[in-house]
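Working notes for the structure below.
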Amino acid sequence: MANQVGISHETIYRHVYADKAAGGNLYQQLRCQKKRKKRYASGRDRRGQIVGRRPISERPAHIETRSQVGHWEGDTVIGAAHKQAVVTLVERKSGYAVLAKVKNKTSDLVSSAIITKLNAVTPLVKTLTFDNGKEFAEHARIDTALQSTTYFADPFASWQRGSNENFNGLLRQYIPKKRPLSTVTDKELRMIQDRLNNRPRKRLGFKTPNEVFMQSLNRVALRV
């Protein structure tokens, strides 16, 4: 039996549209002749450019090793119908997290929430790494307030903020995507934060994120 070669529908469509671009008429044989949609991962972030964006490639390499407390990852988790959002901030080494709810995912409200939540622990806020959402457009304001340095992950590379992505998955166990955030109170959010920060982690030698983070915070306080 002769070897059979499989051809996917994507390969056929690429050939048809290449023929069309060259002046051919194969596309006229298609049942649907609407314009082909571009894929999101075609290399361009459609949300626009953030002024002064500092790419993660400029972030010091030692941060990747999680050898030092003080390097954070940030994101926003949206509720049903994209109304309201929860700002999630996770420290990379300890896994310690803080949460804040905002009525709208604007850069003003999000940056204010970040500054408010991290202001009390500024000695342990050295860097922040966000995705490319426009809600983080006021990163310079955050850095000025916290004396930190902000970096941005590459587009479509959520794994570069793995600590944050993992935490968001845990958060969704308490706040499913279909749940309106208007039903989540600040009291409940604090309860969720406390539960997750006091859950022992294998990678921490079964210490909790709260224990590891507070130990570092206390050491800093003793040096002052």
Side-chain angles (χ1 to χ4, degrees), residues 40-61 63-64 66 68-172 175 177 181 184 186 189 192-193 196 213:
Y40 255 94
S42 60
R44 182 182 301 176
D45 187 347
R46 296 186 178 187
R47 290 174 290 185
Q49 295 298 314
I50 294 175
V51 176
R53 179 186 180 278
R54 187 180 294 104
I56 195 172
S57 59
E58 295 181 7
R59 195 178 72 177
I63 295 175
E64 190 64 28
R66 303 178 193 273
Q68 181 186 54
V69 172
H71 304 288
W72 298 73
E73 296 173 2
D75 196 9
T76 50
V77 172
I78 58 176
H82 290 234
K83 292 183 178 180
Q84 304 193 10
V86 173
V87 180
T88 63
L89 298 160
V90 184
E91 198 285 315
R92 283 177 53 83
K93 180 179 179 179
S94 64
Y96 182 82
V98 294
L99 304 173
K101 192 173 77 168
V102 290
K103 292 183 178 180
N104 295 294
K105 205 173 68 168
T106 63
S107 59
D108 177 56
L109 290 179
V110 170
S111 58
S112 293
I114 292 172
I115 292 169
T116 299
K117 286 296 180 179
L118 294 183
N119 187 58
V121 294
T122 49
L124 290 182
V125 184
K126 302 178 187 301
T127 70
L128 294 146
T129 301
F130 300 130
D131 69 8
N132 293 275
K134 295 305 287 289
E135 66 267 32
F136 301 116
E138 295 188 31
H139 58 94
R141 174 188 165 200
I142 296 171
D143 285 343
T144 298
L146 302 177
Q147 298 184 350
S148 57
T149 304
T150 292
Y151 299 91
F152 288 86
D154 296 328
F156 315 109
S158 59
W159 55 269
Q160 293 177 339
R161 296 179 303 100
S163 297
N164 206 179
E165 289 293 309
N166 179 67
F167 180 85
N168 289 348
L170 298 176
L171 178 62
R172 284 302 190 188
I175 309 175
K177 291 183 178 180
L181 287 181
V184 179
D186 290 337
L189 210 57
I192 296 171
Q193 177 179 306
L196 293 178
F213 185 81

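Below, each value reflects all heavy atoms present in this structure, side chains not excepted, and no hydrogens, waters or symmetry copies.
Looking at Arg59, Arg54, Arg161 one by one, the single match for side-chain hydrogen bond (donor to acceptor under 3.5 Å, both in side chains) with Thr129 turns out to be Arg59. Checked against Ile175 for a side chain to side chain contact (heavy atoms under 4.5 Å, CB included), the options Val77, Asn168, Leu181 give a single hit: Leu181.
More than 12 heavy atoms of other residues, nucleotides or ligands shown are found within 6.0 angstrom of CD on Glu58.
Pairing each heavy atom of Ala113 with each of Val102, the nearest pair is CB-CG1, 3.9 Å. Smallest separation of non-hydrogen atoms from Tyr151 and Pro60: OH-CD, 3.5 Å. Residues Arg53 and Ala153 share a closest heavy-atom pair of NH2-O, 2.9 Å. Smallest separation of non-hydrogen atoms from Leu128 and Ser148: CD1-OG, 3.6 Å.
In this structure, CD in Glu138 is found 11.0 Å from OG1 in Thr144, a value given to the nearest 0.5 Å. Between Thr127 atom OG1 and Ile63 atom CD1 the span is 4.0 Å, to the nearest 0.5 Å. Taking CZ of Arg141 as the start and CG of Leu146 as the end, the distance is 10.0 Å to the nearest 0.5 Å. One finds the CG atom of Leu171 at 7.5 Å from the CG atom of Leu189 (value rounded to the nearest 0.5 Å). Atom CZ of residue Phe152 and atom CD1 of residue Ile50 lie 4.0 Å apart, to the nearest 0.5 angstrom.
Contact check for Gln160 versus Asp154: side-chain heavy atoms found under the 4.5 Å cut-off. Side-chain contact between Leu99 and Leu196: absent, with no pair of heavy atoms (C-beta onward) separated by less than 4.5 Å. With a 4.5 Å cut-off on side-chain heavy atoms, Asp75 and Phe167 do not count as touching. Between Lys105 and Ile78 the shortest side-chain heavy-atom distance falls below 4.5 Å.
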Margin query: With side-chain contact (heavy atoms from CB on, under 4.5 Å) as the criterion, how do Asn164 and Phe130 come out once you've worked through the C-alpha distance, each side chain's angles and the decisive distance to 0.1 Å?
Written below: CA-CA 9 Å; Asn164 206 179; Phe130 300 130; over 6 Å; no
Next item on the list: For Tyr96 and Val121, run side-chain contact (heavy atoms from CB on, under 4.5 Å): C-alpha distance rounded to whole Å, both residues' side-chain angles, the deciding distance at 0.1 Å, then the answer.
Entry: CA-CA 12 Å; Tyr96 182 82; Val121 294; 5.9 Å; no
Checklist line | Pair Val184-Val86, side-chain contact (heavy atoms from CB on, under 4.5 Å): steps then yes or no | finding: CA-CA 10 Å; Val184 179; Val86 173; 5.7 Å; no
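Sorted by first and then second residue, the salt bridge (Lys or Arg N to Asp or Glu O under 4.0 Å) pairs involving residues 78-94 (not counting sequence neighbours) are Glu64-Arg92, Glu73-Arg92.
The main-chain N or O of Lys101 is never found under 3.5 Å from a side-chain atom of Gln84 such that the two would form a donor-acceptor pair. Without hydrogens or angle criteria, His139 side chain to Thr149 main chain gives no donor-acceptor distance under 3.5 Å.
Side-chain polar atoms of Ser158 and Asp131 form no donor-acceptor pair below 3.5 angstrom.
Remark: Thr106 engages Asn104, Asp108, Leu109 in a side-chain contact (heavy atoms from CB on, under 4.5 Å) (not counting sequence neighbours). With sequence neighbours excluded, the residues that form a side-chain contact (heavy atoms from CB on, under 4.5 Å) with Lys126 are Gln68, His71.
You'll find the ring centres of Phe213 and Trp72 inside the 6.0 Å limit.
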